[in-house]
Amino acid sequence: TDNAAEAEKQKRRAEANLDKALEAVDQLLTRVAEDTLLNEPHMEPLRKKLLNDAAVFCQSLVEMQGDDPDVRQRAALAERQLGRIRQITGDLEGARMAFQASLDKYAQLAKDDPRNVAMKKARAETLLHFGEVLWGQLLHIEAEQSLRDSIGLAGELEKSEVAFDLATRVGMNARNALSRQLSWLG
């Protein structure tokens, strides 16, 4: 029917807009974390405002409910981005809680669809950031386990040609972080 087709079209459009918004938040986080100008002391108020605006947006996405796997995966991604914001702003406890919530969502998604490559990649990246935060909280054993889990998941993905480049990057980042941390412990 025409109504059902129109409703489906609007749903696809809304999902595409949501994906674009999540991508924009990801780009914002990357720029705020890496832009040397934004890290200058006189830019701190602007940096905090940008991150706070992104946090408010991510929090609204985290609260999305539903049984649809795409909605649940977007909520897990928003939770991870909220964790990154908290990590960048130095709120390690808030970051830890957001990353843990994201990982819990990804664990449920993995049970429902264990072959979902995009979800596995996102989970590996979340484990990497979670490990960094745990390290910052001096939870070295937990940090090491999180980084090893990230490396293991990236290794699984490297076997899949579809995700090889992504998995190699995540795995390399996790291995580098683990190596730095283990060398620091001596």
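Only this structure's heavy atoms are used, side chains among them; waters, hydrogens and symmetry mates stay out. This structure is a prediction, so every number in the text was calculated from the model and none was measured.
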Student: Work out which heavy atom in G131 is nearest to a heavy atom in S146; give both atom names and the distance.
Tutor: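 Heavy atoms of G131 and S146 come nearest at N-OG, 3.4 Å.
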
Student: State, with a plain yes or no, whether a side-chain heavy atom of Q81 is found less than 4.5 Å away from one of F57.
Tutor: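 They are not in side-chain contact.
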
Student: Within the distance-only criterion (no hydrogens, no angle test), does the side chain of R96 pair as donor or acceptor with the backbone N or O of V133 below 3.5 angstrom?
Tutor: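 The answer is no, because no donor-acceptor pair under 3.5 Å joins these two groups.
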
Student: Between F130 and M97, is there a shared hydrophobic cluster once you connect ILVMFWY residues whose side-chain heavy atoms come closer than 4.5 Å?
Tutor: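 No: no chain of side-chain contacts under 4.5 Å links F130 to M97.
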
Student: So does I85 get a backbone contact from the side chain of T89, meaning a donor-acceptor N/O pair under 3.5 Å?
Tutor: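 At least one qualifying donor-acceptor pair exists.
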
Student: Can we say D53 and K49 salt-bridge, meaning some charged N sits less than 4.0 Å from an Asp/Glu carboxylate O?
Tutor: yes

Student: Using 0.5 Å steps for rounding, measure from the CH2 atom of W135 to the CD atom of E142.
Tutor: 11.0 Å

Student: As an exercise, state the distance from CG of L92 to CG of L138, rounded to the nearest 0.5 Å.
Tutor: 9.5 Å

Student: Students often mix this up, so state it plainly: with edges at 30° and 60°, are the rings of H129 and F99 parallel, tilted or perpendicular?
Tutor: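 Plane angle under 30°, so parallel.
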
Student: Indicate yes or no for a side-chain donor-acceptor contact from K120 to the backbone of P114 under 3.5 Å, with no hydrogens or angles considered.
Tutor: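 Yes.
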
Student: Less than 4.5 Å apart, any side-chain heavy atom of E93 and any of Q137?
Tutor: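 They are in contact (side-chain heavy atoms under 4.5 Å apart), so the answer is yes.
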
Student: Are H140 and L134 close enough that some pair of their side-chain heavy atoms sits under 4.5 Å apart?
Tutor: no

Student: For the atom pair CG (L51) and CZ (R86), what is the distance rounded to the nearest 0.5 Å?
Tutor: 9.5 Å

Student: To the nearest 0.5 Å, what is the distance between CG on L139 and CD on Q145?
Tutor: 13.5 Å

Student: Is S102 reaching over with its side chain to a backbone N or O of A76, donor-acceptor style, under 3.5 angstrom?
Tutor: yes

Student: Taking the side chain as every heavy atom from C-beta outward, state whether L153 and L127 have any pair of such atoms under 4.5 Å apart.
Tutor: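 Yes. Closest side-chain heavy atoms under 4.5 Å.
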
Student: Just verifying a value: how many Å separate D113 CG and R115 CZ, rounded to the nearest 0.5 Å?
Tutor: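 That separation rounds to 7.5 Å.
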
Student: Decide, yes or no, whether a salt bridge links R123 with D149 under the criterion of side-chain N to carboxylate O below 4.0 Å.
Tutor: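 No, this pair does not count.
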
Student: Could you check whether any side-chain N or O of T126 sits under 3.5 Å from a backbone N or O of L103, counting only pairs where one atom can act as donor and the other as acceptor?
Tutor: no

Student: Just how far is it from atom CG of L147 to atom CD of E132, taken to the nearest 0.5 Å?
Tutor: 7.0 Å

